[in-house]
Enquirer: 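Structure provided below as structure tokens; questions to follow.
Remember, it's a predicted structure, so these values are computed and weren't measured experimentally. Each chain gets a letter, A, B and so on, in the order its sequence line appears, and its residues count up from 1.
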Amino acid sequence: MSIEVLGVTKSFGSFTALRDVSLTVADGELVALLGPSGSGKTSLLRIIAGLERADRGSVLFHGTDVGPRDPRERRIGFVFQHYALFRRMTVFENVAFGMRVKPRGERPSEEEVRRRVGDLLKLVQLDWLGDRLPGELSGGQRQRVALARALAVEPRVLLLDEPFGSLDARVRQELRRWLRRLHDEIRLTSLFVTHDQEEALEVADRIVLLNQGRVVQDGPPEELFERPTSPFVLDFLGNVNIFHGRVENGRALLGPLSVAYPDHPHAEPAPAAGYARSYEIDLSREAGDTGFWASLTRVGIAGALLRLELLPDGAAPLKVELTRERFEALRPVPGERLWVVPRNLRVFLETPVPPRAQ
Amino acid sequence: MDAYALSPRSGSRAVRLLLGAAALAVLGLFLVVPLAAVFAEAFRNGAAAYLASVRHPDALAALRLTLLVAAIAVPLNVAFGLAAGWALGKFRFPGRSVLLALVDLPFAVSPVVAGMVLVLVFGRTGLLGPWLAAHAFPVVFAVPGIVLATVFVTFPFVARELVPLMQATGSEEEEAARVLGAGFLTTFLRVTLPNVKWALLYGTILCTARAVGEFGAVSVVSGHIRGRTNTLPLHVEVLYDEYDFQGAFAVATLLTGVALVTLVLQALLGRRRREERR
Amino acid sequence: MKRPAVEPRILPGFGPALGFTLLWLSVVVLAPLAALVLSALRMPPAEIARIVAAPRVAASIRLTFGLALASAAVAALLGLLLAWVLVRHRLPGRRLLDALIDLPFALPTAVAGIALTTLYAPNGWLGRPLAALGVPVAFTPLGIGVALVFLGIPFAVRTLEPVLESLDPEVEDAATSLGATAGQTFRRVLFPELLPALATGFSLAFARGLGEYGSVVFISGNMPMRTEVAPLLIMTRLEQYDYAGATALAAVLLVASFLLLLAVNRLQAWGVGPAARG
């Protein structure tokens, strides 16, 4: 079952949450709806679920407009951010709920319900917890019960709102790998909301990045990461350093740096900025053709990487990440002056940022 | 909380003893002694006199009327409380906070004023008085007036238990039930109601206790017709004013019994009600 | 982020629930109170002023407000003592004592009225020794005060208890570690925390005291100019079919209740005083 969203707009009072958003999720695809908080991603998910109504635009499931349909008729599985488990029902009753509330004609027999709840609890590896109340479970267990409950109604699509948002870091890592494996197993069209770029990059087949209620880029993780179409995407998907300056005559002049910029061959200058990811910067003790001097102010350890902070003369501090091997080879000490060379500088013209509607 | 008993936070031993003794004295003087007085006075002429007073036809008629009034007023206010809990607890809309304040209004109004406004509307010279008189449906100095007065004074009890609770529990579980295909009735009965059942019971008990015991408002609209429009609290007054003190206290023990049962239920339900609020 | 509530359209049943809430609120509470306000507005202001300024009415208003204010203050202080001891001291039978606090809420006011009158009458258990000391209680303003303190205590205790329970004990330890004495800790650390709840309990007791009828009518003796409180005078006017006199006085009480309700709402926004039951 595919999902299509066409030109959806939604306002809450004077705040515009979504502006003319369109996207598609192909049958069997696992798509991440990524964005900072307030970008409209949760509103979009709730509109797809029918929990909120769009002011304009439509939602199609498998080519059929589901606009007028109540959430209960859409046959979706929805995993809520805080799970929304029925707290007075056991795990078993929670998972069985969707089957037991079906109209009398479609309702499976109690035996069938028992069997299917058992299967689902096995699928989420919780078959030994059926008699517990949600309050007695850990966060990760609740999350898996919520998933089993959503799957119990045999949904045509699965929607997940910040599925790992309220879990601690380790459980989060485990669960997202598990979700990816589960998806590969059952191949259910799925859309999940997240504000964590790592989560989106690791789990999703495709990422739809939202900002201020608009889709800013839509594509496979590698594409967003390697070929960002705007500074926002670049910045959101990793630590970047910004060098402000201008472009003229086919070159970008960014403070001490100068790189080719054939897209602007005109003599008239335009404001621009260069962006370099923190791991795309080389450091050395000798000056080269292009680059500048900066003094090392801080060294921190981030797992296998080392995080360095440098202060160029009269400019903003830089963030640089080195692998342990590169660091061992160079062995810089705080206070030392180093020659900084951005390896891969992406230049974007600076357009005035539209004021944020709030 | 046990930590308090051992720590020096509550002051020195002498201060603690002094405070404890003072508190017990206040409790005894203001709460226990009046309670004891009710029973002492009721039985001052022996058990036979007590039973005779309680079994008097006027007392039994008052008991029946009191139960009838409560049986009408309480279900109406429970229904109102559930509706208000759903509308004001689960939804956000303009004017909601004003409505919330209005729900509490009857607690702020003097019972005498509450009874009086009914006289102004339904009395002989009131807005609807002539019409009611023409249709031979008396409200004031009759049972409908007593019911209305009781509904007014017990109006907020259930709603003020349910609205904050339903607001605190949020709507996610209801949304989940909808997405899973449940209809309104199923959602309400199987998801919403189980989450608020103790608070509902608690509010209903308070509402019932007040309905049974209301005096001021009912006094204004009743007319004090013995055997016809006297509720139990009014009957207590009638007996007391006739200097039948023993009889008045005997009837009062029935009302005190209701109050004590209410207190016990409140204490038993209190913890469960608080757990619902987590 | 938890969503506070959903749009009215998504969860079903908003329309009927709100409709029933509004209907019931209008029929039971708003329409009758509006009738009172309208009748008061229809009277010429000079007429209202003349009625209210008449010596007997003015005396009853002064007495009502003065006693309600004083009793609420006493109830707040006694309530603070009781709440403190109930929360901080491990008294044996604490749950029983705690349940007993609600007695004035649960006990019908008529029963409280006759019990207190009998106790404090010149030949009563407490009245006899007090009369011997030259302090008559029943049928004096002091008697009315005793009844109002009895009613006011639970308001104070029930607003203070949750605040006392929620206070972080470490804050007091911190004060002690910084060299504060127990008295200083109470005055400078605890008291400011308790003040909003104390003020809320005081206002609730005050509002209740202004309108109280049942527990006061017996103990006051109803002597015009001396022990006749405003709700009693309204009752008397109604019995004389003097609706203008009753309306004017009821309007004064109603305005005072409104203002107090407003004050309580403000106070609860200031502190975290949870709504106390009435």
Enquirer: Show me the donor-acceptor pairs, under 3.5 Å and distance only, between side chains in residues 253-263 of chain C and residues at least two apart or in other chains.
Expert:
residue, atom, partner, partner atom, Å
C:S257, OG, B:A108, O, 3.0
C:S257, OG, C:L253, O, 2.7

Enquirer: Take atom CZ of B:R44 as the centre, draw a 6.0 Å sphere, and report whether it contains more than 12 heavy atoms from other residues, nucleotides or ligands.
Expert: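 No - once you tally the heavy atoms of other residues, nucleotides and ligands closer than 6.0 Å, there are 12 at most.
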Enquirer: Below 4.5 Å, heavy atoms only, C-beta onward: do C:V111 and B:F249 meet side chain to side chain?
Expert: no
Enquirer: Assess whether side chain to side chain contact (heavy atoms under 4.5 Å, CB included) is satisfied between C:L25 and B:F155, documenting all intermediate values.
Expert: CA-CA 9 Å; C:L25 183 70; B:F155 181 82; 3.5 Å; yes
Enquirer: OG1/C:T109 to CD/B:E237 distance, rounded to the nearest 0.5 angstrom?
Expert: 10.0 Å
Enquirer: How far apart are the closest heavy atoms of C:R88 and B:R16, and which atoms are they?
Expert: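 For C:R88 versus B:R16, the nearest heavy atoms are O-NH1, 4.1 Å.
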Enquirer: Taking side chain as everything from C-beta outward and backbone as N, CA, C, O, which of these in B:S219 sits under 4.5 Å from a heavy atom of chain C? Side chain, backbone, both or neither.
Expert: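 Both backbone and side chain.
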Enquirer: Most heavy-atom pairs under 4.5 angstrom with chain C, which of B:L76, B:L24, B:T253, B:L260?
Expert: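 Greatest number of close heavy-atom pairs with chain C: B:L76.
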Enquirer: Considering only heavy atoms from C-beta outward, does the side chain of B:L206 approach that of C:F105 to under 4.5 Å?
Expert: no
Enquirer: Using non-hydrogen atoms only, which part of C:L78 is less than 4.5 Å away from chain B: side chain, backbone, both, or neither?
Expert: side chain
Enquirer: Side chain, backbone, both or neither: which part of B:F184 has a heavy atom under 4.5 Å from chain C?
Expert: both
Enquirer: Minimum heavy-atom separation for C:M235 to B:V220, with atom names?
Expert: SD-CG2, 3.4 Å
Enquirer: Side chain, backbone, both or neither: which part of C:L100 has a non-hydrogen atom closer than 4.5 Å to chain B?
Expert: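 Its backbone and side chain both get close to chain B.
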Enquirer: Provide the closest heavy-atom pair for C:P231 versus B:V112 in the form atom of the first, atom of the second, distance.
Expert: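 Minimum heavy-atom separation between C:P231 and B:V112: O-CG1, 3.6 Å.
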Enquirer: Among the options C:T118, C:L249, C:L96, pick out the one with the most heavy-atom pairs lying under 4.5 Å from chain B.
Expert: C:T118
Enquirer: If we define contacts as heavy-atom pairs under 4.5 Å, which of C:T185, C:L81, C:L126 has the most with chain B?
Expert: C:L81
Enquirer: For C:W24, which atoms come within 4.5 Å of any heavy atom of chain B: side chain, backbone, both, or neither?
Expert: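 Both parts, heavy atoms under 4.5 Å.
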Enquirer: Pick from C:S39, C:A106, C:A207: which one has the most heavy-atom pairs with chain B under 4.5 Å?
Expert: C:A106
Enquirer: Please classify the contact of B:L82 with chain C as side chain, backbone, both or neither, using a heavy-atom distance under 4.5 Å.
Expert: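 Answer is neither: B:L82 stays 4.5 Å or more from chain C.
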Enquirer: So which heavy atom on C:P108 is nearest to which on B:A259, and how close?
Expert: CD-CB, 4.4 Å
Enquirer: Please classify the contact of C:I153 with chain B as side chain, backbone, both or neither, using a heavy-atom distance under 4.5 Å.
Expert: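 Only the side chain of C:I153 comes within 4.5 Å of chain B.
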Enquirer: Are the side chains of C:V29 and B:F152 in touch, meaning some heavy atoms are under 4.5 Å apart?
Expert: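 Answer yes - side chains close enough.
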Enquirer: Using a 4.5 angstrom heavy-atom cutoff, name the option from C:G183, C:A246, C:A35, C:S215 with the most pairs to chain B.
Expert: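 Of C:G183, C:A246, C:A35, C:S215, C:A246 has the most heavy-atom pairs under 4.5 Å with chain B.
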Enquirer: For chain C, find which of B:L263, B:V121, B:L120 contributes the most heavy-atom pairs closer than 4.5 angstrom.
Expert: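 Most pairs with chain C among the choices: B:L263.
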Enquirer: Check each atom of B:V26 against the heavy atoms of chain C and say whether the ones under 4.5 Å are side chain, backbone, both or neither.
Expert: side chain
Enquirer: Pick one of side chain, backbone, both or neither for B:L255, based on which atoms fall under 4.5 Å of a heavy atom in chain C.
Expert: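 B:L255 touches chain C through backbone and side-chain heavy atoms alike.
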Enquirer: Please set out all donor-acceptor pairs under 3.5 angstrom arising from side-chain atoms of residues 29-37 of chain B, sequence neighbours excluded.
Expert:
none

Enquirer: Under 4.5 Å heavy-atom distance to chain C, tell me which part of B:E174 shows up: side chain, backbone, both or neither.
Expert: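 Contact with chain C: backbone and side chain both.
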Enquirer: Go through C:V28, C:V85, C:I234, C:L36 and name the one with the most non-hydrogen pairs under 4.5 angstrom from chain B.
Expert: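 Result: the option with the highest number of such pairs is C:V28.
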Enquirer: Find out whether C:T247 and B:M116 are in side-chain contact, i.e. whether some heavy atom of one side chain is under 4.5 Å from a heavy atom of the other.
Expert: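 Sidechains of B:M116 and C:T247: in contact.
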Enquirer: Chain C heavy atoms under 4.5 Å from B:A177: which part of the residue, side chain, backbone, both or neither?
Expert: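 Contact with chain C is absent: no heavy atom of B:A177 under 4.5 Å.
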Enquirer: Out of B:D241, B:V103, B:V38, B:V109, which one racks up the most heavy-atom pairs below 4.5 Å with chain C?
Expert: B:V109
Enquirer: Do B:F215 and C:V217 touch side chain to side chain, with heavy atoms closer than 4.5 Å?
Expert: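 Side-chain contact under 4.5 Å: yes.
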Enquirer: So for B:Y240, is it side chain, backbone, both, or neither that comes closer than 4.5 Å to the heavy atoms of chain C?
Expert: side chain
Enquirer: Using side-chain heavy atoms (C-beta onward) and a distance below 4.5 Å, is B:D104 in contact with C:N265?
Expert: no
Enquirer: Which heavy atom of C:L11 sits nearest to which heavy atom of B:E175, and what is that distance?
Expert: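 Closest pair (atom of C:L11, atom of B:E175, distance): CD2-N, 4.1 Å.
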Enquirer: Which bit of B:A101 comes within less than 4.5 Å of chain C, counting heavy atoms only: side chain, backbone, both or neither?
Expert: both
Enquirer: State, to 0.1 Å, how close C:Y213 and B:G216 come at their nearest heavy-atom pair, and which atoms those are.
Expert: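 C:Y213 and B:G216 have their closest heavy atoms at CD2-CA, 3.6 Å.
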Enquirer: With side chains defined as the heavy atoms from C-beta onward, is the minimum distance between C:R208 and B:F107 less than 4.5 Å?
Expert: no
Enquirer: So which residue, B:T262, B:N77, B:V264, B:T187, ends up with the most heavy-atom pairs under 4.5 Å with chain C?
Expert: B:N77
Enquirer: Hey, what do you get for CG (C:L82) to CG (B:L27), rounding to the nearest 0.5 Å?
Expert: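 Separation between the atoms: 5.0 Å.
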Enquirer: Based on non-hydrogen pairs under 4.5 Å, which of B:A40, B:P233, B:A84 is most in contact with chain C?
Expert: B:A84
